[in-house]
A.B. asks: 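Have a look at this one before I ask anything.
When a ligand or atom number is given, it counts from 1 through the structure's own listing order. This one's a predicted model, so the numbers in the text were calculated from it and none came from an experiment.
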Amino acid sequence: MVERTSLSIRDLAVQFESEQGVVRALDGVSFDLQAGRTLGIVGESGCGKSVTARSILRLVDRPGRITGGRILLDPGTPAQADLVALNPDSRQMRAVRGGRIGLIFQEPMTALSVHYTVGNQIMEAVLQHSGASPQEARARAIELLREVGIPRPELRLDSYPFELSGGLRQRVGIAMALAGDPDIVIADEPTTALDVTTQAQILALLRGLQERKRIALMLITHDMGVIAEMADDVAVMYLGRIVGFAPVMELFKAPRHPYTRALLRAVPSILAAPRQRLSTIGGAVPHPGLRPTGCAFHPRCTEALEGRCAREAPPPIPPGQAGASCFLAEAVA
Ligand code: SF4
């Protein structure tokens with residue numbers, strides 16, 4: 001089934017200007033989010049995953065700013081809107097943020113206040129994004145808590161966030177993200193702070209909600225296990241660019257970019273011999289202000305082509321197509 005494209009990002013560029021110079025945090029990022037599908041965004045810390053999320057919501061803090069590209073909501077329809085053209089503080093953008101697009105944080109306390117009960121906070125979010133009466137907002141808050149699997153939601157409504165376990169808090173965080181009835185949800189490392197059992201429960205909850213509501217889910221993670229469990233398609237980011245894009249099965253079976261292969265080699269395996277050393281990716285992600293020449297991955301790439309990769313940048317992947325931004329991938333295409 002061909003799904004509706006909910007959001008199209010094209011050539012998105014974000015820069016941070018400081019006394020030390022200009023840092024290109026995002027450099028020509030393009031992808032689509034489709035209703036009922038999950039796009040996993042993977043990469044090490046500092047690759048631009050969270051900046052991408054914050055750009056979509058127009059939450060990039062100064063001195064950062066979007067310097068190019070488009071973020072199209074409902075692309076190709078009469079309702080198409082370019083979020084880059086909107087004032088981040090405008091009423092229209094506030095209606096998108098938390099309304100059309102929900103955000104789930106790694107640490108739910110980022111979205112919750114310790115001073116108010118979870119019921120108050122969810123009701124506030126419902127009131128902000130609908131014409132509901134206070135009674136209707138309360139009923140909706142109870143319904144949302146039930147939807148995210150919180151037992152006895154009528155009683156939990158009066159709890160403060162600090163009275164809840166990490167798992168329950170993240171469920172409340174998900175309820176908050178759903179309060180505006182979004183059709184797009186961005187989840188930024190939603191299970192990283194949780195133990196493995198709770199992580200599995202939260203992932204199952206997210207998957208169930210996403211399938212039931214046909215949400216376009218953008219799932220940011222550094223965890224390939226989470227990607228395998230959740231994603232339909234995967235974008236691999238490195239230094240502010242998408243260097244690999246593929247349906248999830250294809251990515252795991254035949255990764256086409258050396259960085260993707262390195263990320264997969266670093267995943268622990270239960271089939272490994274006892275005490276076998278975990279594979280790591282040599283070196284570290286350079287500071288975005290010190291982007292290497294040519295292919296930005298070349299100083300860490302074990303397959304770099306002498307005389308070419310340090311001088312020449314491989315072409316980007318056309319949006320919507322599986323591929324890798326690598327000269328070696330060109331050779332097998
Ligand atoms: Fe490695 Fe060269 Fe491919 Fe970059 S273009 S990933 S350096 S082989």
A.B. asks: Would you find more than 12 non-hydrogen atoms of other residues, nucleotides or ligands less than 6.0 Å from Met109 atom CE?
C.D. replies: yes
A.B. asks: Would you check, one step at a time, whether the test side-chain contact (heavy atoms from CB on, under 4.5 Å) holds for Ile150 with Leu168?
C.D. replies: CA-CA 7 Å; Ile150 292 190; Leu168 280 184; 4.1 Å; yes
A.B. asks: Any non-hydrogen side-chain atom of Phe245 less than 4.5 Å from a side-chain atom of Leu251?
C.D. replies: no
A.B. asks: Can you find a side-chain donor-acceptor pair between Tyr160 and Gln121 that sits under 3.5 Å?
C.D. replies: no
A.B. asks: Protein N/O/S atoms under 2.8 Å of atom 3 (Fe) of ligand 1?
C.D. replies: Cys326 SG
A.B. asks: Assess Arg308 against Phe327: is NZ or CZ under 6.0 Å from the centre of the six-membered ring, and within 45 degrees of the ring's axis?
C.D. replies: yes
A.B. asks: Please check if any side-chain donor atom of Asp188 sits under 3.5 Å from a side-chain acceptor atom of Ser50, or the reverse.
C.D. replies: yes
